[in-house]
Engineer: 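Supplied in structure tokens, the structure appears directly below.
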Protein chains: 4
Amino acid sequence: MEPKFLALEQEKQDRILNAAMKEFAQNGYKNTSTNNIVKQAGISKGLLFHYFTNKRELYLTLYDYFVELFLKEMQQKVDWEDKDIFSRHRQIAALKIKLFHQYEHIFNFLNAAMSENSREVKSELDSRKEKFINHNYREMLQDIDKSKFKEGLDVSKIIEIISWSMEGFAYKQQAKFKGLSINEMDLEETLQELDGYIEVLKYSFYK
Amino acid sequence: MEPKFLALEQEKQDRILNAAMKEFAQNGYKNTSTNNIVKQAGISKGLLFHYFTNKRELYLTLYDYFVELFLKEMQQKVDWEDKDIFSRHRQIAALKIKLFHQYEHIFNFLNAAMSENSREVKSELDSRKEKFINHNYREMLQDIDKSKFKEGLDVSKIIEIISWSMEGFAYKQQAKFKGLSINEMDLEETLQELDGYIEVLKYSFYK
Amino acid sequence: MEPKFLALEQEKQDRILNAAMKEFAQNGYKNTSTNNIVKQAGISKGLLFHYFTNKRELYLTLYDYFVELFLKEMQQKVDWEDKDIFSRHRQIAALKIKLFHQYEHIFNFLNAAMSENSREVKSELDSRKEKFINHNYREMLQDIDKSKFKEGLDVSKIIEIISWSMEGFAYKQQAKFKGLSINEMDLEETLQELDGYIEVLKYSFYK
Amino acid sequence: MEPKFLALEQEKQDRILNAAMKEFAQNGYKNTSTNNIVKQAGISKGLLFHYFTNKRELYLTLYDYFVELFLKEMQQKVDWEDKDIFSRHRQIAALKIKLFHQYEHIFNFLNAAMSENSREVKSELDSRKEKFINHNYREMLQDIDKSKFKEGLDVSKIIEIISWSMEGFAYKQQAKFKGLSINEMDLEETLQELDGYIEVLKYSFYK
DNA sequence: CATGAATGAGGGTTCATTCAT
DNA sequence: GATGAATGAACCCTCATTCAT
């Protein structure tokens, strides 16, 4: 994050961050107009470019900031001593829900970034995604207790299948919540539904 | 598809279709320049608009055409008498690989369309996706033989998990193949890898 | 008129003439699309340009044709032996009404041409208008019986005032008829109204 | 007029106004290129659209501005206590000449607008014209001293004839001045010529 | 630090005109 | 003669970015 920007009062920072995040999440990179961002953030055109040199920098900075925020929270809030894969996934899900309460558009933005196709940011984004997945995300699921799985199963495949299931579930929830304001979403129920899937997976893969 | 366009010699049709599909897949709707499409297709600017009223129409027409092509192939090439869910998924995967040989960018394009969020096409796309998923895709996985699953499992959840796994696998393959030309991809190997995952799932979910 | 065009069967000629005249009258030169003309005339794009080389030629040819038609009719149908200026104006008005029955759009077209502003035809049109007004139209009102006017009046000014009144009246009628089909216009009544104005003018200017 | 535009220094405002007015007057709505306007006004393409949403808005704004200017001047500069119809027409003519000195193209533009028939602005223009003519222009000639007219004349017809004569005269002058720069026009002489026609009309219609 | 007027390259689209069939 | 697919220059308009104030 640009140091100039960080010197700003917190409230103004958040106004800009949220405005940009929301616009990028809803419209994608190219279709987001810096005009709309500044209008929504209540700042002048010039100021945005004073802090972020250009639109690309703004987008990438935003991406980095929230990826890092997510990872930092993971490090701090997840109990890494607990080696049970399902327990870990469940903690991550709970964490996501908490973050979602803080930054309503964070996952819409991050997911949109995952499938962002605009020339201007695609390659840079791809390399960061790779780094993110290889260095951070993957290891989170490596030091788990593999002794709990049934014999005769390819454990690494099982781990992948569980991840895919978690992602599939998250995606399904997002589709269900599309268009709703955060108050209208019953996130408690979501966790309970998740437990249903975890139960099935546990029953099938665990001894 | 516009009748004027269909009257064209097949080779030119394909040149235009492929050029448009590739550009849209790589850059998204908004960032794709019709300039690049016509340059790559080797036709004049005016001709593109002679066939397709405007950029939006071109995009949507392309989407409809390839969705329909996919569904038609599904109807014809998949053995719907075979009620085994894994067998069915495997047949669909094989079909996708075949289509991929014909139209290199078809799934990149279709996937990009799934997460396209340009104002201009989003709502139209959303309604078509809904129709597609509800009327066609869903029922394909409904009339399967549920007696094969282990007792005590929530079958509908299992079916979802299997789908998510198939999607996760496909996504992983795509990431692996990104940047490669079609000749460099070992699609035979892909099917064998898929069989590995299917084996795990079968072992876990079937009696 | 192009000889090629004149060789065409009368009915097709008229179809093209009327279609072009209507479009030009309604939309002006620039805003008229040759596409609409050919569609309305029921001929192909190429054929129009086979007869008229380009849009400009078509417009100017149309203009010349109907100006000439108008002048020819004037020569033939008006009784030039009658030297009374009001009688002459009245005859011209009646003639216009007759022509209007034949070619519904003729005066809309000709009037639109009078105030056509498009670069492409303006200068050419201006020179033709000048010719038209100086050589043909003016003299029509020169050999009239000036002995009927009251003494002490500048006769040439009176003649102008009468012309302007006739034009003003015609313009007022057109505004009244705008949007109506020819069947809905009571042209008989129009002539009677004209007589009202002529009476006033006669009373004021004649001995 | 857009507030942004009004905040501009007067000189630049006028440069843009005059450039646009001249182009529209000479070429009509459709044939006028915003490229030419900005070139002539010495501003960038983007700036024009910074002030006026689009070409249509520019045209209509221009029209409204100068119609209003004209009407305001009428209200203020014409002596409405003087009920003599010729005196009033003469005052209006003098006012027009004064405005013409300020904005060389104002009447060419306004007249061109009267017979503009581009789809894009026609309907809007028509409704404004109607308002203009009915509410403002008409009443200006209603409260005149009718006792001065000779007995036995249809006064309302006389009033129309006088208006048509004034319009005819104005049109004739315009044709005479076409192509001349404002310095080359002897506007003093024009007023004297007008007096000649007024004299004739007075002699004929007044007691 | 903060503003928003100003820029201009680039985009989508139209349409008169050509020409192979 | 007759067709309409094909062309490309020109159009209106957008928007990230700059810079004088």
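Because only heavy atoms are used, hydrogens play no part in the values below, and waters and symmetry mates are left out as well, while side chains stay in. Chain letters run A, B, ... following the sequence lines, proteins first, then strands; residues in each count from 1. What you see is a predicted model, and the numbers here were worked out from it, not measured in a lab.
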Engineer: Could you work out, with side-chain hydrogen bond (donor to acceptor under 3.5 Å, both in side chains) as the rule, every residue matching C:K122, not counting sequence neighbours?
Structural biologist: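 Expected list: C:N117.
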Engineer: Does C:E9 have any salt bridge (Lys or Arg N to Asp or Glu O under 4.0 Å) partners at least two apart in sequence or in another chain, and if so, which?
Structural biologist: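 With sequence neighbours excluded, C:E9 shows a salt bridge (Lys or Arg N to Asp or Glu O under 4.0 Å) to no residue whatsoever.
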Engineer: How many whole angstroms separate atom CZ of B:F24 from atom C1' of E:dG11?
Structural biologist: 13 Å
Engineer: Taking side-chain hydrogen bond (donor to acceptor under 3.5 Å, both in side chains) as the definition, give me every residue that meets it alongside D:D14, ordered by chain and number, with sequence neighbours left out.
Structural biologist: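 D:D14 satisfies side-chain hydrogen bond (donor to acceptor under 3.5 Å, both in side chains) with D:Q10 only.
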Engineer: In chain order, what residues pass the ring-ring contact (aromatic ring centres under 6.0 Å, His included) check against D:Y59, with sequence neighbours excluded?
Structural biologist: D:F24, D:Y29, D:F109
Engineer: With sequence neighbours excluded, tell me which residues meet salt bridge (Lys or Arg N to Asp or Glu O under 4.0 Å) with D:K30.
Structural biologist: D:E120
Engineer: For D:E9 and for B:K55, locate the closest nucleotide of DNA chain E by heavy-atom distance; then report the residue assigned to the nucleotide nearer the 5' terminus.
Structural biologist: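 The residue closer to the strand's 5' end, by nearest nucleotide, is D:E9.
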Engineer: Nearest-Å distance, CG (D:N27) to C1' (F:dC12)?
Structural biologist: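 Distance check: D:N27 CG to F:dC12 C1' gives 16 Å.
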Engineer: Run the side-chain hydrogen bond (donor to acceptor under 3.5 Å, both in side chains) test against D:E116 and tell me which residues pass, sequence neighbours left out.
Structural biologist: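 Residues passing side-chain hydrogen bond (donor to acceptor under 3.5 Å, both in side chains) with D:E116: D:S118.
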Engineer: Take the angle between the ring planes of D:F52 and D:F5 and call it parallel below 30°, perpendicular above 60°, tilted in between.
Structural biologist: tilted
Engineer: Could you give the CG-to-P distance, from B:N54 to F:dC11, as a whole number of Å?
Structural biologist: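 Interatomic distance, CG of B:N54 to P of F:dC11: 22 Å.
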Engineer: Please, what dot-bracket string fits DNA chain F when only Watson-Crick and G-U pairs with both distances under 3.5 Å count, crossing ones use [ ] and pairs to another strand use |?
Structural biologist: .||||||||||||||||||||
Engineer: May I have all residue pairs that pass salt bridge (charged side-chain N to carboxylate O under 4.0 Å, His left out) and include part of residues 37-60 of chain C, sequence neighbours excluded?
Structural biologist: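 Residue pairs passing salt bridge (charged side-chain N to carboxylate O under 4.0 Å, His left out), neighbours aside: C:R56-C:E124.
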Engineer: With the threshold set at under 4.0 Å for non-hydrogen atoms, list the residues of residues 28-51 of chain A touching DNA chain F in residue-number order.
Structural biologist: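 A:T32, A:S33, A:T34, A:K45, A:F49 - these, ordered by number, are the residues of the stretch whose heavy atoms sit under 4.0 Å from the strand.
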Engineer: Let me know the distance between OH of B:Y59 and C1' of E:dG12, rounded to the nearest Å.
Structural biologist: 17 Å
Engineer: Grab the CD-C1' distance between B:E120 and F:dC13 for me, whole Å please.
Structural biologist: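 From B:E120 CD to F:dC13 C1': 14 Å.
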